[in-house]
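A short worksheet on the structure shown next.
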Amino acid sequence: MTIIDTNRIIVALDYPDQASAVQMARQLDPALCRVKVGKELFTRCGPSVVEALHALGFDVFLDLKFHDIPNTTARAVRAAAEMGVWMVNVHASGGRRMMEAAREQLEQVADNRTLLIAVTVLTSMERSDLAEIGLDIDPLEQVVRLARLTQSAGLDGVVCSAQEVAAIRAAIEQPFALVTPGIRPADAEQGDQRRIMTPSQAIHTGSDYLVIGRPITQASTPADVAACIQNDVAAALNARQA
Ligand SMILES: O=C(O)c1cc(=O)[nH]c(=O)n1[C@@H]1O[C@H](COP(=O)(O)O)[C@@H](O)[C@H]1O
């Protein structure tokens, strides 16, 4: 895929009900950002929240991070594509056969346009977290390894932290979408995120899409914060393309 659009922000609608998610979405402009539906919102509301966001004109990233045996994951990915979502994800640590099965299912969906990406190492994890699950390795090294595997399984990109973008770009062929959560404006709280970067730094280093939740959704004036981040992102994109 070639990324030519200027719409690079994905707002994470991590809400417990459809009314709150739609109320937030109504304050945003689908020409300037996309939205993400994650586990809590989808588990509570199901496909109707995706339909409501589509009706408002938003591209939807369905972030359910599927991780299961190949057949189960592939059929879940297909169900997402049949909902017409813009992007869906799996965990790269589910392995090559799981990712290839998911891609093959997508190829069978008529006029499929859904992008399939894989999560590498969650942005909430640091080296000590990896050590506890038996991976005595730096997050950067594991992210690049899983990005290589994801690309060779034929997926469209990965989720990683912006801190790993330069290393992935150096290691693997383009085009390959790099979607980066763990984005924190300089004055925002880090919360449970560990591998973080500011919006303009993330664009500068080569991120394609920035996933941003609480810094926007928990702000007292979310629309103003979103507009401010959109301006920073547009300026960084212009600088990158100059
Ligand atoms: O796949 C994701 O979107 C994701 C992957 C990851 O490694 N880290 C991560 O934070 N996310 C998601 O990105 C969003 C980040 O939200 P905030 O930390 O509130 O900005 C959440 O909805 C997470 O579920």
Side-chain angles (χ1 to χ4, degrees), residues 5-66 76-77 79-89 113-115 117 119 122-124 159 161-162 177 179-193 196-200 202-203 207-237:
D5 70 71
T6 52
N7 191 342
R8 305 301 186 108
I9 296 175
I10 303 169
V11 178
L13 298 176
D14 290 326
Y15 289 104
D17 59 83
Q18 184 164 326
S20 307
V22 167
Q23 188 189 27
M24 180 72 244
R26 284 190 194 283
Q27 298 176 57
L28 302 169
D29 181 349
L32 297 177
C33 67
R34 295 179 162 94
V35 291
K36 182 172 83 69
V37 171
K39 289 186 168 78
E40 181 188 12
L41 186 60
F42 194 78
T43 301
R44 289 192 182 277
C45 308
S48 87
V49 70
V50 173
E51 286 162 21
L53 294 165
H54 281 162
L56 291 176
F58 285 97
D59 283 346
V60 175
F61 170 15
L62 187 62
D63 166 31
L64 298 180
K65 298 187 184 69
F66 298 124
V77 164
E82 288 175 351
M83 255 185 267
V85 299
W86 166 68
M87 179 177 274
V88 65
N89 58 1
R113 298 209 183 135
T114 300
L115 299 171
I117 61 168
V119 178
L122 293 167
T123 55
S124 55
V159 182
S161 100
V179 178
T180 59
I183 299 296
R184 288 292 180 267
D187 57 353
E189 283 183 27
Q190 181 172 342
D192 53 356
Q193 298 286 3
I196 62 174
M197 214 178 250
T198 68
S200 47
I203 290 290
S207 286
D208 293 310
Y209 297 104
L210 314 187
V211 179
I212 309 175
R214 290 161 288 183
I216 293 175
T217 57
Q218 293 189 4
S220 51
T221 53
D224 292 346
V225 174
C228 183
I229 295 174
Q230 277 151 352
N231 283 340
D232 287 354
V233 166
L237 271 176

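Computed from heavy atoms alone, side chains included, the values below leave out hydrogens, waters and symmetry copies.
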State, without any angle test, whether T123 and Q193 hold a side-chain donor-acceptor pair at a distance under 3.5 Å. yes
Audit row: V11, L28, side chain to side chain contact (heavy atoms under 4.5 Å, CB included) steps and yes/no: CA-CA 9 Å; V11 178; L28 302 169; 3.9 Å; yes
Any idea which heavy atoms bring [X] and [Y] closest together, and the distance?
X: A21; Y: L41; value: CB-CD2, 3.7 Å
X: G57; Y: P30; value: O-CB, 3.3 Å
X: T217; Y: A12; value: CG2-O, 3.6 Å
X: F42; Y: P47; value: CE1-N, 3.7 Å

Spell out, as yes or no, whether a donor-acceptor pair under 3.5 Å connects the side chain of D63 to the backbone of N89. no
Using atom types as modelled and distance alone, determine if a side-chain donor or acceptor of S207 lies under 3.5 Å from a backbone N or O of A202. yes
Calculate, to the nearest 0.5 Å, the distance between atoms [atom1] and [atom2] belonging to [X] and [Y] respectively.
X: I196; Y: S124; atom1: CD1; atom2: OG; answer: 12.5 Å
X: D29; Y: Q27; atom1: CG; atom2: CD; answer: 12.5 Å
X: I212; Y: R8; atom1: CD1; atom2: CZ; answer: 13.0 Å
X: K36; Y: W86; atom1: NZ; atom2: CH2; answer: 11.5 Å
X: Y15; Y: M24; atom1: OH; atom2: CE; answer: 5.0 Å
X: L237; Y: Q230; atom1: CG; atom2: CD; answer: 11.5 Å

M87 and side chain to side chain contact (heavy atoms under 4.5 Å, CB included): which partner among V60, L115, L62, T114? L115
Is the count of non-hydrogen atoms from other residues, nucleotides or ligands lying under 6.0 Å from Q23 atom CD greater than 12? no
Greater than 12 external heavy atoms within 6.0 Å of E189's CD: no
I229 vs I216, side chain to side chain contact (heavy atoms under 4.5 Å, CB included): CA-CA, chis, key distance, verdict: CA-CA 9 Å; I229 295 174; I216 293 175; 3.9 Å; yes
Considering only heavy atoms from C-beta outward, does the side chain of [X] approach that of [Y] to under 4.5 Å?
X: I183; Y: T198; answer: no
X: S161; Y: M197; answer: no
X: D14; Y: K39; answer: no
X: I203; Y: L210; answer: yes
X: P181; Y: V159; answer: yes
X: F61; Y: L13; answer: no
X: V179; Y: D208; answer: no
X: N7; Y: Y209; answer: no

Take L32 and I9 through the side chain to side chain contact (heavy atoms under 4.5 Å, CB included) test and state the conclusion after the steps. CA-CA 7 Å; L32 297 177; I9 296 175; over 6 Å; no
Partners of S48 by side chain to side chain donor-acceptor pair (under 3.5 Å), sequence neighbours excluded? Q18
Who are the salt bridge (charged side-chain N to carboxylate O under 4.0 Å, His left out) partners of R34, not counting sequence neighbours? D5, D59
Partner residues of E82 under the salt bridge (charged side-chain N to carboxylate O under 4.0 Å, His left out) criterion, sequence neighbours left out: R78
For R44 and D17, what are the C-alpha separation, side-chain angles and deciding distance, and is it a side chain to side chain contact (heavy atoms under 4.5 Å, CB included)? CA-CA 7 Å; R44 289 192 182 277; D17 59 83; 5.8 Å; no
